[in-house]
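Naming: A, B, ... by sequence-line order, numbering from 1 per chain. Keep in mind that the numbers below use all heavy atoms, side chains included, and drop hydrogens, waters and symmetry copies.
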Protein chains: 2
Amino acid sequence: MPSRKPAADGVDRPRLTVMRDVAKLAGVSHQTVSRVLNNHPNVREETRARVLAAMQSLNYRRNLAARTLVTRQSDTLGIIGFETTLFGPASMLYGIESAARDAGYMVSIASVRDLDRRQVLEAVDRLTQHSVDGVIAIAPKQSVTHALAQAPPSLQCVAVGGAGESDAAPTVSIDNALGARLATQHLLDLGHVTVHHAAGPPDWPESFERIEGWRRTLYAAGAVVPPVEHGWWDAESGYAQGQALARDPAVTAVFCSNDRIALGVLRALHEAGKRVPYDVSVVGFDDMPDSGFFVPPLTTVHQDFGELGRRSLGLLLEHMTHSPAAESQPPDHVLVAPQLVVRASSGPAPAR
Amino acid sequence: MPSRKPAADGVDRPRLTVMRDVAKLAGVSHQTVSRVLNNHPNVREETRARVLAAMQSLNYRRNLAARTLVTRQSDTLGIIGFETTLFGPASMLYGIESAARDAGYMVSIASVRDLDRRQVLEAVDRLTQHSVDGVIAIAPKQSVTHALAQAPPSLQCVAVGGAGESDAAPTVSIDNALGARLATQHLLDLGHVTVHHAAGPPDWPESFERIEGWRRTLYAAGAVVPPVEHGWWDAESGYAQGQALARDPAVTAVFCSNDRIALGVLRALHEAGKRVPYDVSVVGFDDMPDSGFFVPPLTTVHQDFGELGRRSLGLLLEHMTHSPAAESQPPDHVLVAPQLVVRASSGPAPAR
DNA sequence: ACATGGTCTGTTAACGTTCACAGGCGCGAG
DNA sequence: CTCGCGCCTGTGAACGTTAACAGACCATGT
């Protein structure tokens with residue numbers, strides 16, 4: 001691995017202030033400064049104050065690299081990101097980062113373009129080299145958690161968002177099945193005979209679990225389960241699926257696997273002359289910031305991505321503290337409950 | 001500053017493999033291993049191969065903390081992020097990160113909740129402590145670039161997205177005035193007598209520059225410049241502005257400061273019975289992934305956030321290499337040109 | 001008076017790299 | 001043959017912090 005970055009021209013060496021400088025000014029040894037810095041109990045109050053004052057006046061910052069070298073702790077967490085330009089992942093990222101900051105950690109991010117094992121392991125490797133203390137993977141597919149299992153065992157990893165259960169790593173995710181049930185039941189309760197589904201990609205657990213939740217709800221209600229079309233997560237795919245649904249007069253209610261798909265479906269229905277919600281009801285999933293301003297405002301399943309991020313951080317920290325103790329028991333899984341947000345896009349089934 | 005993170009229980013010390021181990025196995029000195037690692041020219045080919053093989057078989061990874069300690073280079077860049085859950089900032093973040101990876105850098109992120117000087121400086125401080133080699137600030141407001149000027153002079157900073165010119169730091173941003181001109185001129189060319197504007201927050205340079213670009217274009221065309229309402233960047237604000245605009249029969253064309261505002265305007269117009277584009281034309285700014293699936297598909301100004309991220313990284317790297325040389329000349333500013341994307345939401349002015 | 005133990009502080013040795021320097025070796029020129 | 005000058009390699013000392021240990025000091029109980 002050649003290092004092709006601009007070599008720091010060794011011309012300027014500002015000689016930053018270090019512990020010894022502080023120590024000299026405060027008239028103590030560098031070790032005492034260290035003790036003050038690390039809140040050791042056995043420092044006389046007056047000494048501590050003197051050291052603190054010296055640090056202040058010299059504008060001293062401790063050198064984390066040196067600290068990391070000896071403690072093998074970097075106070076840095078790694079995040080493996082995927083599709084972080086989208087609202088969901090971006091929000092999780094943000095949630096993780098703010099929670100991490102509050103806990104005194106820095107976060108480094110390693111994005112992957114695809115979720116294959118090679119790229120994920122490479123990301124883990126880069127993070128490991130930068131000696132992160134733990135890793136959170138924004139991992140919407142099983143392949144990631146599997147890859148994570150191959151990470152050095154000393155490195156604690158947790159997966160967030162997507163793949164529910166997994167014996168490879170602890171996970172935090174939305175209760176997708178519950179969300180799907182809420183949406184579907186809501187539509188059934190409105191009198192719709194059945195509910196169609198505009199799904200996401202079939203190999204994504206998030207999509208799969210929503211399909212299952214939808215299917216089971218229909219089944220439990222004795223409703224027929226219409227065939228499901230698969231697509232991608234975007235409005236374009238929703239538009240295509242929506243066009244097909246609009247052609248079928250039996251369709252009075254559509255549950256979409258996310259809000260972007262719903263946006264496409266809304267447009268397709270509109271162009272086909274179907275009025276929402278009078279002719280067809282539409283429900284989404286995610287509750288993106290502007291979903292309340294679609295035409296009409298979208299009924300959807302709200303998921304709290306920030307909470308997801310915070311919970312995953314909590315779980316990681318927990319595992320980092322007593323890792324060897326909990327070695328025996330299987331990794332735990334946190335499920336966060338989503339909430340139905342009813343707006344104008346869903347209404348009573350049209351009279352027949 | 002107390003450190004309240006879980007203390008690493010010093011029970012397990014796996015004693016990772018270090019240079020000395022590799023050296024011993026290859027029958028050379030640790031220094032030769034270092035040379036191989038850093039691609040120094042003066043290593044016999046055969047020796048290099050032996051060392052490489054030893055590294056391979058021991059699965060050696062170099063300890064970056066130690067390296068950072070002595071070289072004062074961490075191969076890590078810092079990003080100061082703001083509102084990173086939104087599409088624009090999130091995309092820039094991603095663009096920066098991928099470009100950084102290609103250049104051999106890791107990125108650490110420090111989000112700020114608000115853009116006041118204190119928080120920005122605190123973010124810089126956290127990044128400095130983790131000894132980043134440079135900083136890119138996603139800085140939509142002047143206050144950030146000003147704060148950046150207070151950063152330790154040894155730390156190279158660039159600002160991206162938003163505030164155009166600034167003598168405090170080099171910047172990379174979209175040519176907002178140009179974008180506004182493209183949008184406004186497009187509507188004028190369609191025969192609209194004038195163009196109204198649904199603006200963003202007045203104290204954001206991005207918003208301000210778009211207003212100016214819009215205003216100047218109208219002025220140059222001899223069109224009257226309608227009063228402008230200010231709002232936030234979201235659909236809710238667009239909706240409110242849209243309701244007011246819908247009441248005014250003179251309004252036949254609206255240029256919105258971003259796509260989310262446009263979404264709200266579209267809804268307001270729709271609810272007021274105005275048909276887009278037959279009664280009123282609407283143009284947005286950003287070209288978010290799903291803007292092509294609004295009802296109707298949105299004509300908008302496309303900005304390439306990823307490119308913005310990449311360019312800012314390039315600029316930063318450039319400044320890091322020959323920083324003392326370019327000391328004298330003022331910081332440079334890169335402007336990226338946006339592009340008009342014509343879709344269905346804009347059309348000829350209605351006959352009167 | 002003397003051991004005992006607690007509190008506070010200083011000394012020395014890691015941690016794993018890179019840098020500066022010093023050598024050994026071979027080869028062509030004097 | 002010897003000198004000098006390239007290559008290639010090894011030795012020692014940083015870098016700035018924390019960990020381990022030892023010592024000084026003070027109070028307390030016998």
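Formation of a donor-acceptor pair under 3.5 Å by the A:Asn38 side chain with backbone atoms of A:Arg35 is not found in this model. A donor-acceptor pair under 3.5 Å is formed between the side chain of B:Gln119 and the backbone N or O of B:Arg113. With hydrogens and angles disregarded, no donor-acceptor distance shorter than 3.5 Å links the side chain of B:Thr84 to the backbone of B:Gly81. Without hydrogens or angle criteria, B:Thr68 side chain to B:Leu64 main chain gives a donor-acceptor distance under 3.5 Å.
In this structure, CZ of B:Arg20 is placed 14 Å from P of D:dG12, rounded to the nearest angstrom. Rounded to whole Å, atom C1' of D:dT18 lies 12 Å from atom CD of A:Gln73. Distance CE (A:Met19) to P (D:dG16): 12 Å, rounded to an integer number of Å. Between the NZ atom of A:Lys24 and the P atom of D:dG16 there is a distance of 13 Å, rounded to whole Å. Rounded to whole Å, the distance from CD on B:Glu46 to C1' on D:dC8 is 12 Å. Between the NE2 atom of A:His40 and the P atom of D:dT17 there is a distance of 15 Å, given to the nearest Å. Rounded to whole Å, the distance from CG on A:Asn38 to P on D:dT17 is 11 Å. Taking atom CD on B:Gln129 and atom C1' on D:dG16, their separation rounds to 14 Å, with Å as the unit.
Put simply, A:Tyr60 has no side-chain N or O that comes within less than 4.0 Å of OP1 or OP2 on D:dG16. For the pair B:Thr47 and D:dT9, the criterion of a side-chain N or O lying under 4.0 Å from OP1 or OP2 is met. The side chain of A:Arg67 contributes an N or O atom lying less than 4.0 Å from OP1 or OP2 of D:dT18. Taking 4.0 angstrom as the limit, B:Arg48 places none of its side-chain polar atoms (N or O) nearer than this to OP1 or OP2 of D:dC8. Close to D:dT18, at under 4.0 Å from its OP1 or OP2, lies a side-chain N or O of A:Ser34. Remark: B:Arg72 is not in phosphate contact with C:dT18, judged by side-chain N or O atoms under 4.0 Å from OP1 or OP2. Proximity of A:Thr32 to the phosphate of C:dG10: a side-chain N or O atom is located under 4.0 Å from OP1 or OP2. Taking side-chain N and O atoms only, A:Asn63 has no distance below 4.0 Å to OP1 or OP2 of D:dG16.
A donor and an acceptor atom, one from each side chain of B:Arg72 and A:Asn63, are nowhere located under 3.5 Å apart. Checking B:His319 against B:Asp332 by side-chain atom types alone, a donor-acceptor pair falls below 3.5 Å.
Screening B:Ile80, B:Ile138, B:Val120 against B:Val144 for a side chain to side chain contact (heavy atoms under 4.5 Å, CB included) leaves a single residue, B:Val120.
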Can you build the contact string for nucleotides 20-27 of chain C? Use B for base contact, S for sugar-phosphate-only contact, and - for no protein heavy atom under 4.0 Å. B-------
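If you check C:dT17, D:dC15, D:dT17 against the side chain of B:Leu69, the one that comes closest is D:dC15. Considering only the side chain of A:Ser29, C:dG10 comes nearest among C:dC15, C:dC8, C:dG10. For A:Asn42, whose side chain is taken as the heavy atoms from C-beta onward, the closest listed nucleotide among C:dT18, D:dT18, C:dT7 is C:dT7. Counting only heavy atoms from C-beta on, B:Ala66 has its side chain closest to C:dG16 among C:dG16, D:dG10, D:dG12.
For B:Ser91, there are no side chain to side chain donor-acceptor pair (under 3.5 Å) partners two or more places apart in sequence or in a different chain.
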